[in-house]
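Notes follow once the structure below has been shown.
The model shown is predicted, which means the values in this text are computed figures rather than measured ones.
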Amino acid sequence: MKIATYNINGMNARLPVLLRWLAETKPDVVCLQELKAPQEKFPEKELLDAGYNAIWHGQKSWNGVAILTNGKVIRQVRNELPGDENDDQSRYIEAIVDQKRIGCLYLPNGNPAPGPKFDYKLRWFERLKAHAAYLLAEELPVILAGDFNVIPTEMDAYKPERWLKDALFLPETRAAFQELMDQGWTDALRKLHPDETIYTFWDYFRNAYGRNAGLRIDHFLLSPSISGSLIASGVDSQVRGWEKTSDHAPVWIELKDDSL
DNA sequence: ATGACTTTTTGTAAAAGA
């Protein structure tokens with residue numbers, strides 16, 4: 001079973017790229033972030049024609065998340081992160097697919113830091129940690145996938161010294177991510193590629209992709225009950241080189257099919 | 001170090017992204 005996460009940076013602007021990537025790589029489940037489209041502007045029909053069911057939580061202009069499946073039944077569990085009823089940003093959606101619970105998240109960027117946006121990021125992180133702890137106690141195996149807007153270590157930025165004061169790499173951000181990981185989650189990309197340079201985002205500026213000046217900020221977290229099923233993981237970085245593409249590339253994992 | 005792109009909008013300049 002192949003599961004992917006992709007910050008699409010504009011669902012409708014990116015639809016041709018998305019459909020080409022789906023046709024070429026045929027993931028079973030896809031978590032999308034940054035739809036940048038309201039609920040009613042989601043291209044449901046085009047995806048159905050491509051063989052994908054979808055649930056989504058849109059928002060005008062910004063944010064927006066979705067989960068797609070290649071014909072599999074999706075049971076939506078929630079479409080927002082618990083813990084703040086005044087938070088109206090569409091950054092979380094969760095579903096059960098194939099006896100697995102899948103949380104698709106778009107953690108706030110947090111820049112400029114310090115400031116209210118960074119405060120919101122840290123508050124959102126606290127809510128995520130609380131919900132992640134709750135999920136670990138649930139019956140089904142859990143996968144948390146998405147754009148975490150966290151550079152976990154110096155390995156994950158092409159020039160980490162330039163990111164020291166950035167909300168993606170500040171000590172508070174890295175500490176929050178580490179506290180989440182310490183609940184028992186497995187970083188699926190790092191687990192199988194401990195020493196590799198892995199990037200999932202390249203700025204549109206200054207030919208960042210051509211120079212491989214990237215960041216690793218999109219992540220897959222696996223609960224203990226499913227981490228043993230991980231057999232492969234990677235980044236479809238070639239998609240970042242396509243025309244009219246997102247500044248992120250799709251990230252994927254392959255799980256051993258335990259339903260045999 | 002910055003913001004050289006790119007997207008969105010009761011749009012045409014400003015905000016956001018990372």
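By the side-chain hydrogen bond (donor to acceptor under 3.5 Å, both in side chains) test, A:Trp185 is found to be paired with A:Gln183, residues two or more places apart in sequence or in another chain being considered.
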- Message: Within the 4.0 Å limit for protein heavy atoms, which parts of nucleotides 9-18 of chain B are touched? Write it as a string from 5' to 3', B for base, S for sugar-phosphate only, - for none.
- Response: SS-----SSB

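The side-chain hydrogen bond (donor to acceptor under 3.5 Å, both in side chains) analysis of residues 133-143 of chain A, with sequence neighbours excluded, yields the pairs A:Arg101-A:Glu138.
Side-chain contacts under 4.5 Å among hydrophobic residues (ILVMFWY), followed directly or transitively, place A:Leu32 together with A:Tyr6, A:Ile8, A:Met11, A:Leu15, A:Val17, A:Leu18, A:Leu19, A:Trp21, A:Leu22, A:Val30, A:Leu35, A:Phe42, A:Leu47, A:Tyr52, A:Trp56, A:Leu68, A:Val239, A:Trp242. As a member of the Ile/Leu/Val/Met/Phe/Trp/Tyr network built from side-chain separations under 4.5 Å, A:Ile96 groups with A:Val77, A:Leu140. Taking Ile, Leu, Val, Met, Phe, Trp and Tyr as hydrophobic and joining them when side-chain heavy atoms fall under 4.5 Å apart, one finds A:Trp252 isolated, its cluster having no other members.
The distance between atom CE of A:Met11 and atom P of B:dT8, rounded to the nearest whole Å, is 12 Å. Per the geometry, CZ belonging to A:Arg211 stands 11 Å off C1' belonging to B:dA4, to the nearest Å. Rounded to whole Å, atom C1' of B:dT7 lies 9 Å from atom NZ of A:Lys244. For the pair A:Gln59 CD and B:dT7 C1', the computed distance is 14 Å after rounding to whole Å. The nearest whole Å value for the distance from the CZ atom in A:Arg162 to the C1' atom in B:dA4 is 13 Å.
Across B:dT7 and B:dT12, the matching C1' atoms stand 14 Å from one another, rounded to whole Å. Nucleotides B:dA18 and B:dA13 place their P atoms 25 Å apart, quoted to the nearest Å. Distance noted for atom P between B:dT2 and B:dT8: 28 Å (whole Å). Atom name P, nucleotides B:dT10 and B:dA14: the rounded distance is 16 Å, in whole Å. When the C1' atom is compared between B:dA16 and B:dG11, the two are found 16 Å apart, to the nearest whole Å. Here, B:dA4 and B:dA15 have their P atoms 15 Å apart, quoted to the whole Å.
Residue-environment remark: CD (A:Glu40) exceeds the threshold of 12 foreign heavy atoms within 6.0 Å. Heavy-atom neighbours of A:Gln39 CD from other residues, nucleotides or ligands within 6.0 Å: above the threshold of 12.
Remark: A:Arg14 is in phosphate contact with B:dT7, judged by side-chain N or O atoms under 4.0 Å from OP1 or OP2. Contact annotation: A:Lys159 side-chain N/O to B:dA1 OP1/OP2 distance is not under 4.0 Å.
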